[in-house]
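First the structure, which I've put down as structure tokens, then a few questions once you've had a look.
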Amino acid sequence: MRLSQFHLATVKEVPADAEIVSHQLMLRAGMIRRLAAGLYIWSPLGLRVLHKVENVVREEMNRAGAIEMLMPAIQPRELWEESGRWDKFGDQLLKLKDRKQQDFCFGPTHEEVITDFARNELKSYKQLPITFYQIQTKFRDEIRPRFGVMRAREFLMKDAYSFHLDAESLAATYAVMYEAYSRIFSRLGLAFRAVQADTGAIGGNASHEFQVLADSGEDAIVFSDGSDYAANLEKAEALPPAQGRPLPSMALEMVDTPTQRSIEEVAALLGVATSRCMKTLLLRGHAGLVALCLRGDHTLNEIKAAALDELGGEVVFASEEEVRAIAGATIGFIGPVRLPAEIPVIVDRDAAVLADFVCGANVAGRHFTGANWDRDARIARIADLRNVVEGDSSPDGHGVLHVARGIEVGHIFQLGTKYAQAMQATVLDDSGNNQVMSMGCYGIGVTRIVAAAIEQRHDAKGIVWPAAMAPWSVVICVINSRQAPEVGAAAEALYQALQARGVEVLLDDRGLRPGAMFADMELIGIPHRIVVSERGVAAGTLEYRARDAEISQTLSEEQLFALLG
RNA sequence: CGGGGUAUAGCUCAGUCUGGUAGAGCGUUGCGUUUGGGACGCAAAAGUCGGGGGUUCGAAUCCCUCUACCCCGACCA
């Protein structure tokens with residue numbers, strides 16, 4: 001590509017609302033332009049990168065035996081009524097009406113459509129297992145789109161769906177997809193981890209997320225240093241503590257804590273560690289309030305809490321009024337001691353082995369010291385309620401957990417029969433009986449990968465693309481060809497020679513001053529740069545510099561060809 | 001949806017408190033000089049000051065209202 005014939009739209013300044021590096025650099029490099037909240041135009045440059053990602057994904061899906069197809073972005077309401085998600089999906093589902101006032105939605109995902117397709121097309125167990133996939137635009141009306149293309153409302157996704165006669169076959173394909181995903185992210189040159197995940201809204205059994213490691217990531221992931229255990233923070237189990245609860249050694253005593261409402265303030269006032277304080281949270285359960293107790297230095301895991309029978313699926317904190325009415329104190333002075341008997345106290349495993357702890361007295365401005373379970377407060381039940389922290393034992397018993405940030409770029413699920421059952425997708429088995437098919441689903445956020453790659457690979461000058469994602473492999477920068485025609489001719493010859501070898505080459509023939517040219521090429525992250533100038537032409541050598549190198553080197557044409565393969 | 005904020009030239013922003021002829025840098029156009037790390041000179045184009053309403057002799061500025069966008073919390077590829 002001759003740059004003079006392309007539309008490169010780099011800018012020096014960047015809108016103040018671009019918060020993370022990838023968003024800023026994509027804007028500065030001119031890869032994307034915002035159209036509306038969560039909607040982005042992909043410029044010619046951006047599209048080249050997007051296509052690179054798409055092609056790697058496509059190649060690996062094909063290699064794994066999946067078959068490409070394409071489903072409509074717009075889907076009829078009836079299908080979503082069948083699965084029960086028309087209402088359940090919530091406001092993220094963009095609903096539309098056509099001219100006849102019939103209801104449709106813009107697909108946020110395609111389980112319904114593919115299951116409908118499968119029940120019509122698949123009649124016999126002999127057609128199974130089979131995996132379909134598409135690379136297609138999704139729309140989710142996110143509550144808060146942000147970080148540019150990282151969390152946009154409209155985005156490109158590769159979604160695959162597999163169909164099986166039984167769970168064993170599903171597990172086998174799941175393993176194949178797991179491998180395919182690992183290959184994809186490796187080929188794209190990304191540092192990533194596959195972690196065990198909560199199945200969330202999509203539902204089902206086993207599930208893994210593929211997380212690109214980046215400090216700006218929105219997800220917390222944990223992994224063991226003594227095994228290959230890795231999980232989303234939401235999912236990671238906090239093991240019961242090794243030691244049991246010591247015997248009480250202090251008497252229960254009420255102390256004044258007039259303005260100290262937070263654990264930190266109370267601990268500081270009383271001169272005790274936050275780990276000796278009891279954090280008591282009042283939640284609204286389906287049969288009245290429920291108290292959850294955690295050690296003061298631990299945080300509630302809302303996924304674990306939501307799964308408690310008493311809460312039934314969601315975590316809703318009690319209002320200030322409810323707290324005051326029941327416990328006689330405002331938030332900040334709540335504790336398990338002398339709580340009304342109708343409020344069950346569910347205690348975290350680590351909180352349950354505390355003795356002589358500090359807790360709210362259920363009286364405004366007062367806390368207890370020397371509180372002890374059984375003697376002073378009832379335990380209705382002990383459960384795993386907290387988020388694991390750095391240094392906890394790994395749930396598999398090997399090693400210690402570490403916490404990192406990640407960007408979720410892929411997610412695979414064993415859905416089981418959830419959708420096939422609801423939509424009656426059945427096949428005949430080998431004894432002629434109808435069997436509900438088992439399903440797997442496998443998503444990759446194609447657009448998000450582009451942003452995640454930049455988060456991981458950039459420097460002060462701009463993007464540093466991994467080879468597989470670069471819009472062009474090499475750029476030829478031509479210096480002052482207007483006054484030195486032999487320079488232009490040499491650059492043109494090299495351009496032709498590289499093209500003939502199948503190298504994706506960009507010729508910067510814009511006639512800019514060198515500084516401006518170099519800055520642009522570094523911003524957009526071209527991995528290899530050749531400078532053609534009067535002195536190089538005179539010497540018969542090429543000046544080469546890798547994007548991630550500090551200095552240039554002099555190469556012969558043969559050496560360059562060898563380098564670029 | 002709750003809480004906070006922003007809206008002025010293509011972009012980044014000043015001007016708003018204290019009402020009085022619309023500003024800067026970058027970018028763009030033309031001419032000239034330049035050509036190894038975002039050049040320089042001269043000239044120029046470019047604004048319904050987010051929309052609507054009000055107060056006033058006079059509104060970017062004060063008041064009301066609507067809209068869009070952004071940030072902090074719950075969702076997800």
Side-chain angles (χ1 to χ4, degrees), chain A residues 9-20 23-24 27-28 30 33-39 53 57 88-93 108-110 135-160 181 197-202 207 209-212 217-219 232 234 302-303 306 314-317 406-413 441-452 461-462 477-484 487 510-523 529 531-536 543 545 552:
Chain A
T10 56
V11 288
K12 284 188 197 167
E13 284 174 308
V14 76
D17 52 36
E19 287 197 287
I20 60 171
H23 189 194
Q24 292 167 355
L27 251 14
R28 286 231 289 132
R33 293 277 118 103
R34 196 185 68 88
L35 213 216
L39 302 179
V53 176
V57 170
K88 204 177 159 200
F89 210 90
D91 290 337
Q92 279 200 54
L93 189 62
T109 176
H110 281 70
I135 295 176
Q136 210 245 18
T137 298
K138 304 282 194 259
F139 190 96
R140 294 184 190 173
D141 202 352
E142 292 282 347
I143 299 158
R144 190 146 90 83
R146 65 179 139 176
F147 300 152
V149 119
M150 188 80 85
R151 176 182 295 280
R153 293 195 292 176
E154 185 178 301
F155 57 98
L156 235 208
M157 179 171 167
K158 184 285 300 177
D159 48 326
Y181 272 44
D198 183 71
T199 48
I202 295 184
S207 172
E209 290 169 355
F210 287 76
Q211 297 268 0
V212 165
E218 294 187 87
D219 291 355
N232 190 303
E234 294 172 343
E302 296 199 10
I303 299 286
E314 58 176 349
V315 171
V316 182
F317 284 89
I407 299 165
E408 184 186 356
V409 291
H411 202 157
I412 59 179
F413 298 85
C441 89
Y442 318 91
I444 287 183
V446 177
T447 38
R448 181 179 282 181
I449 284 176
V450 176
K461 294 170 179 169
C477 292
V478 192
I479 292 181
N480 198 15
S481 62
R482 218 152 46 119
Q483 318 235 315
V487 171
R510 295 175 297 173
L512 296 187
R513 299 170 69 84
M517 196 159 37
F518 297 159
D520 268 350
M521 293 307 109
E522 281 156 352
L523 211 210
R529 182 184 82 190
V531 177
V532 178
S533 66
E534 284 180 90
R535 45 186 210 227
E543 181 183 325
R545 179 136 152 204
S552 302

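Quick note on labels: first sequence line is chain A, next is B, and so on, each numbered from 1.
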Exercise for the section: State the CE-NZ distance between A:Met157 and A:Lys138, to the nearest 0.5 angstrom. Expected result: 5.5 Å
Handout entry: Atom P, compared across B:rU6 and B:rG15: separation rounded to whole Å
Key = 12 Å
Practice task
Rounded to the nearest angstrom, tell me the gap between atom CD in A:Glu142 and atom C1' in B:rC72.
Solution key: 16 Å
Practice task
Round to a whole Å and report the spacing from CG of A:Asp91 to C1' of B:rG2.
Solution key: 14 Å
Practice task
Apply side-chain contact (heavy atoms from CB on, under 4.5 Å) to A:Phe139 and A:Leu39, showing your working.
Solution key: CA-CA 10 Å; A:Phe139 190 96; A:Leu39 302 179; 3.8 Å; yes
Problem - Separation between the P atoms of B:rG10 and B:rU55, rounded to whole Å - result: 32 Å
Handout entry: Nucleotide forming a Watson-Crick or wobble pair with B:rU6, both distances under 3.5 Å
Key =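 Looking at the geometry, B:rU6 pairs with B:rA68.
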Problem - Nearest-Å distance for atom pair CG/C1', residues A:Asp141 and B:rC76 - result: 13 Å
Practice task
Look at the side chain of A:Arg144 against the base of B:rC71 and say whether a donor-acceptor pair falls under 3.5 Å; ignore hydrogens and angles.
Solution key: no
Problem - Pairwise side-chain contact, A:Met521 with A:Cys477, heavy-atom cut-off 4.5 Å (strictly under) - result: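 Yes, at least one pair of side-chain atoms sits under 4.5 Å.
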Exercise for the section: Hey, could you give me the CE/CD distance between A:Met150 and A:Glu218, rounded to the nearest 0.5 Å? Expected result: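 So the CE of A:Met150 and the CD of A:Glu218 are separated by 7.5 Å.
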Problem - Complementary nucleotide of B:rC1, counting Watson-Crick and G-U pairs under 3.5 Å - result: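 Across all strands, the one nucleotide that pairs with B:rC1 is B:rG73.
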Exercise for the section: For A:Met150 and B:rC70, give me the distance from atom CE to atom P, rounded to whole Å. Expected result: 16 Å
Problem - Closest-nucleotide ordering on RNA chain B, the 5'-leading residue of A:Glu19 and A:Glu209 - result: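 Between the two, 5'-proximity favours A:Glu19.
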Exercise for the section: Please give the nucleotide sitting opposite B:rG58 as a Watson-Crick or G-U wobble pair, both distances under 3.5 Å, or none. Expected result: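 Because no pair has both required distances under 3.5 Å, B:rG58 counts as unpaired.
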Problem - C1'-based separation of B:rG47 from B:rC42 [nearest Å] - result: 25 Å
Practice task
Kindly compute the distance separating CZ (A:Phe147) from CD (A:Gln24), expressed to the nearest 0.5 Å.
Solution key: 11.0 Å
Problem - B:rG41: pairing nucleotide in any strand, Watson-Crick or G-U under 3.5 angstrom - result: B:rC31
Handout entry: Residue matched to B:rC49 through Watson-Crick or wobble contacts both under 3.5 angstrom
Key =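 Looking at the geometry, B:rC49 pairs with no nucleotide.
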Problem - Rounded interatomic separation in angstrom, taking CZ from A:Arg510 and P from B:rG27 - result: 14 Å
Completion exercise
In Watson-Crick or G-U wobble terms, with both distances under 3.5 Å, the base opposite B:rA24 is B:rU12
Practice task
Give one of base, sugar-phosphate or nothing for A:Asp219, where a contact means two heavy atoms less than 4.0 Å apart.
Solution key: base
Practice task
Select one nucleotide: of B:rC69, B:rG25, B:rC75, the one nearest the side-chain heavy atoms of A:Glu13.
Solution key: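 It is B:rG25.
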Handout entry: Close side-chain approach of A:Val14 to A:His23, heavy-atom, < 4.5 Å
Key = no
Practice task
For B:rG19, give its Watson-Crick or G-U wobble partner with both distances under 3.5 Å, or none.
Solution key: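 For B:rG19, the partner nucleotide comes out as none, under the 3.5 Å rule.
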Exercise for the section: Provide the distance between the two P atoms, one in B:rG30 and one in B:rA46, to the nearest whole Å. Expected result: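 That atom pair is separated by 16 Å.
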Practice task
Describe the nucleic acid contact of A:Arg151 in one word from base, sugar-phosphate, nothing, applying a heavy-atom distance below 4.0 Å.
Solution key: base
Handout entry: Student check: side-chain heavy atoms of A:Glu534 and A:Gln483 closer than 4.5 Å
Key =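 A side-chain contact under 4.5 Å is absent here.
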Exercise for the section: Rounded to whole angstrom, note down the C1' distance from B:rG52 over to B:rA9. Expected result: 24 Å
Fill in the blank from the handout: When A:Gln92 and A:Phe147 are each assigned the nearest nucleotide of RNA chain B, the 5'-most assignment goes to A:Phe147
Handout entry: Integer-rounded Å distance: B:rC71 P and A:Glu218 CD
Key =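 Value for this atom pair: 11 Å.
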Problem - Atom P, compared across B:rG27 and B:rA74: separation rounded to whole Å - result: 42 Å
Handout entry: Distance, rounded to the nearest Å, where A:Phe89 contributes CZ and B:rC76 contributes C1'
Key = 8 Å
Handout entry: A:Arg146 side chain near B:rC71 phosphate (N/O to OP1/OP2, under 4.0 Å)
Key = no
Problem - Residue pair A:Arg545 / A:Val531, side-chain heavy-atom distance below 4.5 Å - result: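 In short, these two side chains do not touch, never coming nearer than 4.5 Å.
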Handout entry: Whole-angstrom distance between B:rG20 and B:rC62, as gauged at atom P
Key =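 Pairwise P distance, B:rG20 against B:rC62, rounds to 11 Å.
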Practice task
Using the C1' atom as the reference point in each nucleotide, state the distance between B:rA44 and B:rG38 in Å, no decimals.
Solution key: 23 Å
Practice task
Check every strand shown and say whether A:Ala18 touches a base, only sugar-phosphate, or nothing at a heavy-atom separation below 4.0 Å.
Solution key: nothing
Handout entry: Footprint string (nucleotides 32-40 of chain B, 5' to 3'): B base within contact, S backbone only, - free, heavy atoms under 4.0 Å
Key = --BBBBBB-
Practice task
Starting from P on B:rU12, measure out to CD on A:Gln24 and report it in whole angstrom.
Solution key: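 Interatomic distance, CD of A:Gln24 to P of B:rU12: 13 Å.
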Completion exercise
Winner on side-chain proximity to A:Ile143, out of B:rA74, B:rC26, B:rC70, is B:rA74
Completion exercise
Exactly one of A:Arg529, A:Lys12, A:Arg510 clears salt bridge (charged side-chain N to carboxylate O under 4.0 Å, His left out) with A:Asp520, and that residue is A:Arg510
Exercise for the section: State, yes or no, whether a side-chain contact exists between A:Asp159 and A:Cys441 at a heavy-atom distance under 4.5 Å. Expected result: no
